Amino acid sequence: MRYPSRSRLSTHDPNLKENMSEKNDTESKDIQWPLWEVFTQPRDGKPHEHAGSLHAPDAEMALENARDVYARRKEAVNIWVVPSDQIVASKGEDAGPFFDPADDKPYRHPQFYSVPRASKRRS
Amino acid sequence: MDEESKKEKFQERIDNGETIEPKDWMPERYRKQLIRMMSQHAHSEVVGMLPEGNWITRAPSLRRKMILLSKVQDEAGHGLYLYSATETLGASRQEVIDQLLEGKAKYSSIFNYPTLSWADVAVIGWLVDGAAIINQTMLARSSYGPYSRAMVRICKEESFHKKQGYEMVATMADGTPEQQEMIQDAVDRWWWPTLMMFGPHDDDSPNSAELIKWGVKSKTNDELRQSFVDRHVSEAHEVGLEIPDEDLEYNEETGHWEFGEIDWDEFWNVVKGNGPMNKERMKSRREAHENGKWVREAAEEYARKKRLAKEKAS
Ligand SMILES: [Fe+2]
Ligand SMILES: [Fe+2]
């Protein structure tokens, strides 16, 4: 069984990516299952956190594998698995301009303001 | 930006202690060196299951059997964290694994020694996992984000590996004369190969300086080896075991244990594939992969049938 080569969250170098998909097409040797990113919720009330990735033929088995690989010691009370090619990410460190709009708005922070200091009420 | 200024800026980020993430620009050689190092590390975890796995069915008690099973399963997990981290550099999992199965990839030389008695399982946990902790605690601060995060995860699990080993070492060292003899014999056989795990002397380690410059490593092979010796000599003495090294001597001034020269001919011989168990390990690894084929096929078929049933229902 063969899977088409998939664009992935982490393949970033355009040259490398080309080389690799070319290779997959010609050699038809890559029989890896789809790649899934795993997010684990460490405790009730906490947000999910990226734990790593794994290969699995479908979502159900991806969840079971994620449990065995990333939560052998109760590291999670809940797990998300997401097909890696479904994740859209902003660019890495050279994508500064993308975050520029937040650069010149100090008035969004409480430190920007000076207010009179209210004295503590005395009984 | 041209290549040179990109490289300068990259080095600046490293020197500032910043973490490099998969989508960041990195020199091609940084990527290649990391793929080499991380995939070798992943292979070591996977091949490392074999010497100990060999003893699971012959564990002396149910308690020891459960512990060993769980440790060996952890090592499989370590391999998977690391393969996953290696993939973030653009390496294909399939290619990386094929390199191991085809005998083209390296893994830690320590796993090419045989496990002759149950005492070896104790000593591997104590010395080999003890050495791994020293190396991996350093790598948990590595400049490459996915590698360092995998190491943090692994280090948490390694302390159990070492402690269960040292517990067994202490129990046997305090046991019958036969048990004491067994455990000392295992220490005698594993001590030197464990020292070799840290790799050649700094002068003979061409990759070291570069990896330190890039913040992948922060200590040299010899520095790591020294902290291993300091820690484990005192643990050996604590339970009345001898270290098989006539030159071992405590230096009051430096506060370190000085030790004898490693047999580097033996080291290179094992690295080149001529250790006592190299062929056996590769044979077992290939057989395990072959024998897992039906499981992979069944999983695919199961996924296919479920997909079909779902399509029909809708
Ligand atoms: Fe490990
Ligand atoms: Fe371990």
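This structure is a prediction, so every number in the text was calculated from the model and none was measured. In what follows, every heavy atom counts, from backbone to side chain, and hydrogens, waters and symmetry copies are set aside. Below, read A as the first sequence line, B as the second, and so on, with proteins coming before strands; counting in each chain starts at 1.
Between H55(A) and E87(B) there is a side-chain heavy-atom pair separated by less than 4.5 Å.
The shortest non-hydrogen separation linking M61(A) to Y302(B) is CE-CD2, 3.4 Å. Listed here is the closest heavy atom pair of S53(A) and S84(B): OG-OG, 2.9 Å.
Contact tally against chain A (heavy-atom pairs below 4.5 Å) for Q73(B), E297(B), E21(B): the top residue is Q73(B). Taking chain B as the reference chain and counting heavy-atom pairs below 4.5 Å, the highest number among L54(A), V69(A), D68(A) is found for V69(A).
When the shell of 6.0 Å around CG of D44(A) is examined, it contains 12 or fewer heavy atoms from other residues, nucleotides or ligands. With a 6.0 Å radius and a threshold of 12 heavy atoms from other residues, nucleotides or ligands, K105(A) has its NZ atom above the threshold.
For a residue to count as touching a neighbouring chain, one of its non-hydrogen atoms must lie under 4.5 Å from one of that chain's; by this rule A51(A) touches chain B with backbone and side chain alike. If you measure heavy-atom distances from F10(B) to chain A, you find no contacts under 4.5 Å at all. Of the two parts of R153(B), only the side chain, counted from C-beta on, holds a non-hydrogen atom closer than 4.5 Å to a non-hydrogen atom of chain A.
Checked for salt-bridge contact, K306(B) and D58(A) meet the test: a charged N lies under 4.0 Å from a carboxylate O. Of the charged side-chain nitrogens involved, at least one lies within less than 4.0 Å of a carboxylate oxygen, so that R73(A) and D74(B) count as a salt-bridged pair.
How far NZ of K156(B) is from CD of E75(A): 7.5 Å, rounded to the nearest 0.5 Å. Atoms CD and CD, from Q32(A) and Q94(B) in turn, are 4.5 Å apart once rounded to the nearest 0.5 Å.
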- request: Could you walk me through whether R72(A) and E157(B) pass side chain to side chain contact (heavy atoms under 4.5 Å, CB included), step by step?
  value: CA-CA 10 Å; R72(A) 284 191 299 284; E157(B) 304 183 345; 3.0 Å; yes
